[in-house]
Each structure stands twice: as structure tokens, then as C-alpha cells.
Student: 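This is the structure, below, for whatever I ask next.
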Amino acid sequence: YFGGQHKLSSGGENVFFTNLSSDIDWFPMWAGVKDQSNPVNQDATGVIAPSGRTYSDDLLSAEIYGAAASSGVVNYAKAGTVVADQSVYGQEVIVEEQIQSTDVLFYEVYAGGDSTGQLVYEQMLTGATLNAGDRLIWWFEHPVEGRQGSLIYSSMAKADSQDADRTVLSVRESSAVAGTHYVKAHFRPFEDKDLAFKSDLDTIVSGSVYKGAYDADTDTPTLPTGSDALGDFYRV
């Protein structure tokens, strides 16, 4: 926390700066340098060029393992592979045990195939009163992001208090994948796009040859045939 205004958080594959007044999660454009003590990183591949992350226009929702079964109880603790570059904002499950308002729920995401990996996200939830068969809608404090192909392990647990022993949460089974919990995720796909500095663009433009002409009397541009290759510029 920075004063009472900002919070810095890990969001899986990204870092977020939350403005606590506006409740907006900000993130920077990124560049990077790999470990230079390793000889393989001492050439151009050791520097990661600046990039900016862009997201889909709309929030999407998907039942990750298919629709919920009409019955069936499983534990919410599973390893999985991220199917696309995506930013996840919340999820829905169907609980199969009673939850009292004094209970504490925990959601954790680890990098890797089990809970021995790096803990990349953790959130506690209190005040929920649910019976078996009720839907639990859980919105995250900030996005949790992952890249396609990354292996992650996620789990939900319940305890009588924050420091008490935890038990894995019992939830409804998926109808499509036996032994797997049902979950509906709310997410946005993302794409990292390379950034160019003004000096890069100035160099490109200064080295170009303008082709074509414009006749102000007839209000007609003349563009030479075949001059449509990348890097050609036309002045009108």
C-alpha cells in the first residue's frame, strides 16, 4: 500500500496498481532485460522490447469445463492449462455444502501443477450465506492474468476463521468432464503489441521517398502504378 490511495498487487502474469478512490486497476507498458550473467542473454535476445497490453472490447463469460451437472459433488482443487492469453475477473461455482456468514472462503492460484508452486493470487471472502445448491459468484479484487499454455493450480477452501484449519470446498461437478468442478469464468482475452518510439517513426519517415502528385486545379491525386509496397508513402 502507498499511503491510503494506491495498492500494488500481483495479478498472475501482470502487476496492477489499484487506485483505491476510483477502484481502477492500472498497469504500465512493459520492457525487460534478462539475466546478463548468462551468456545466452548477452545478445539482442537478452532485451525485451517495450510492449503494451490491449484487451477485448467486451467482458466474455464461458463455462470452462461445460455445463453444471444436475448433481454430483467434487472438491475445488485442480491443475489446468491456460487455454488463451486472458485476463480473468471473476468466476461462478455451485457450492455443495453450507456456508455461514462467519466462515472464511479462500481462493488461491499457483503457477505449476500443484500448491508447491509460486502463489500468484490469493483472496479471502467473508459474509456469504449459502446452502448446498446455491451459486457462489466471486469477483476478484483485481485481474488474474495468464498466458496460453501456462500450467496453473487453483483451489477453493473454507475455514471457521482466517487462521483456522482449511478444508477444500465441495462444489458441483461438471456435466462434461467427470470428476471436475463446474466453473463459469468472466474474462477478457488480451494481446501484447510492440510499441514504437517517436524517434523510430521519424527515422522511417525521413528515409522514405514520397511518390505521386496532387493536381490542385483538377482536385486529382496521381499515384504511380505498382508503388504500393510496404514503406511507400504518398503525398496528397
Side-chain angles (χ1 to χ4, degrees), residues 1-2 5-35 41 44-67 76-93 106-115 117-125 136-156 174 176-177 180-198 200-201:
Y1 286 87
F2 301 92
Q5 179 65 12
H6 299 283
K7 180 180 68 169
L8 174 65
S9 307
S10 166
E13 205 274 332
N14 206 350
V15 176
F16 293 96
F17 300 82
T18 304
N19 183 310
L20 299 175
S21 295
S22 64
D23 198 26
I24 296 176
D25 297 314
W26 298 91
F27 58 94
M29 305 298 100
W30 291 108
V33 178
K34 299 179 182 179
D35 178 9
N41 295 329
T45 64
V47 179
I48 301 172
S51 65
R53 183 157 293 181
T54 60
Y55 297 84
S56 64
D57 289 341
D58 299 312
L59 183 70
L60 307 179
S61 299
E63 295 174 325
I64 303 302
Y65 303 116
Y76 191 128
K78 179 178 173 59
T81 301
V82 179
V83 297
D85 292 348
Q86 59 188 12
S87 181
V88 185
Y89 303 93
Q91 62 180 350
E92 301 178 24
V93 298
F106 300 86
Y107 176 64
E108 295 179 331
V109 180
Y110 295 85
D114 55 38
S115 59
Q118 289 281 357
L119 179 63
V120 299
Y121 184 79
E122 181 180 33
Q123 184 181 355
M124 293 182 295
L125 184 68
L136 169 62
I137 303 175
W138 188 315
W139 291 102
F140 302 154
E141 291 181 348
H142 54 76
V144 182
E145 300 191 344
R147 288 194 178 278
Q148 181 178 5
S150 298
L151 184 63
I152 61 170
Y153 179 85
S154 59
S155 65
M156 278 188 174
S174 161
V177 185
T180 298
H181 61 272
Y182 164 80
V183 59
K184 182 178 183 179
H186 305 291
F187 64 96
R188 290 177 185 263
F190 69 76
E191 179 183 1
D192 290 333
K193 297 183 178 181
D194 292 339
L195 300 180
F197 293 106
K198 181 179 181 297
D200 298 329
L201 301 178

Student: If we only count heavy atoms from C-beta on, is the D25 to P143 side-chain gap below 4.5 Å?
Tutor: yes

Student: Residues two or more places apart in sequence or in another chain: which of them pass ring-ring contact (aromatic ring centres under 6.0 Å, His included) with F17?
Tutor: none

Student: Between V120 and S10, what is the shortest heavy-atom contact and its length?
Tutor: O-OG, 3.2 Å

Student: Determine, step by step, whether Y89 and Y55 satisfy the ring pair (Phe, Tyr, Trp, His ring centres under 6.0 Å) criterion, reporting the C-alpha distance in whole Å, the side-chain angles of both residues, the deciding distance to 0.1 Å, and the verdict.
Tutor: CA-CA 13 Å; Y89 303 93; Y55 297 84; 7.1 Å; no

Student: For D35, enumerate each residue passing the side chain to side chain donor-acceptor pair (under 3.5 Å) test, keeping only those at least two apart in sequence or located in another chain.
Tutor: S37

Student: Which value, rounded to the nearest 0.5 Å, describes the distance between M124 atom CE and F106 atom CZ?
Tutor: 6.0 Å

Student: Once side chain to side chain contact (heavy atoms under 4.5 Å, CB included) is applied, do any residues pair with D114, and if so which ones, sequence neighbours excluded?
Tutor: T116

Student: Is there a side-chain contact between F16 and E141 in this structure, where contact means two heavy atoms from C-beta onward sitting under 4.5 Å apart?
Tutor: no

Student: Give a yes or no on whether D23 atom CG has more than 12 heavy-atom contacts from other residues, nucleotides or ligands under 6.0 Å away.
Tutor: no

Student: To the nearest 0.5 angstrom, please state how far the OG1 atom of T54 sits from the NZ atom of K193.
Tutor: 4.5 Å

Student: Suppose we screen for ring-ring contact (aromatic ring centres under 6.0 Å, His included). Which residues come up paired with Y76, at least two apart in sequence or across chains?
Tutor: H181

Student: Got a sec, which residues hit ring-ring contact (aromatic ring centres under 6.0 Å, His included) with W30, two or more places apart in sequence or on another chain?
Tutor: none

Student: Hey, do the aromatic rings of W139 and H186 have their centres closer than 6.0 Å?
Tutor: yes

Student: With sequence neighbours excluded, tell me which residues meet side chain to side chain contact (heavy atoms under 4.5 Å, CB included) with D85.
Tutor: R147, Q148, F190

Student: Using the rule given for side-chain contact (heavy atoms from CB on, under 4.5 Å), can you reason through E92 versus V183, listing the C-alpha separation, both sets of side-chain angles and the distance that settles it, and then say yes or no?
Tutor: CA-CA 6 Å; E92 301 178 24; V183 59; over 6 Å; no

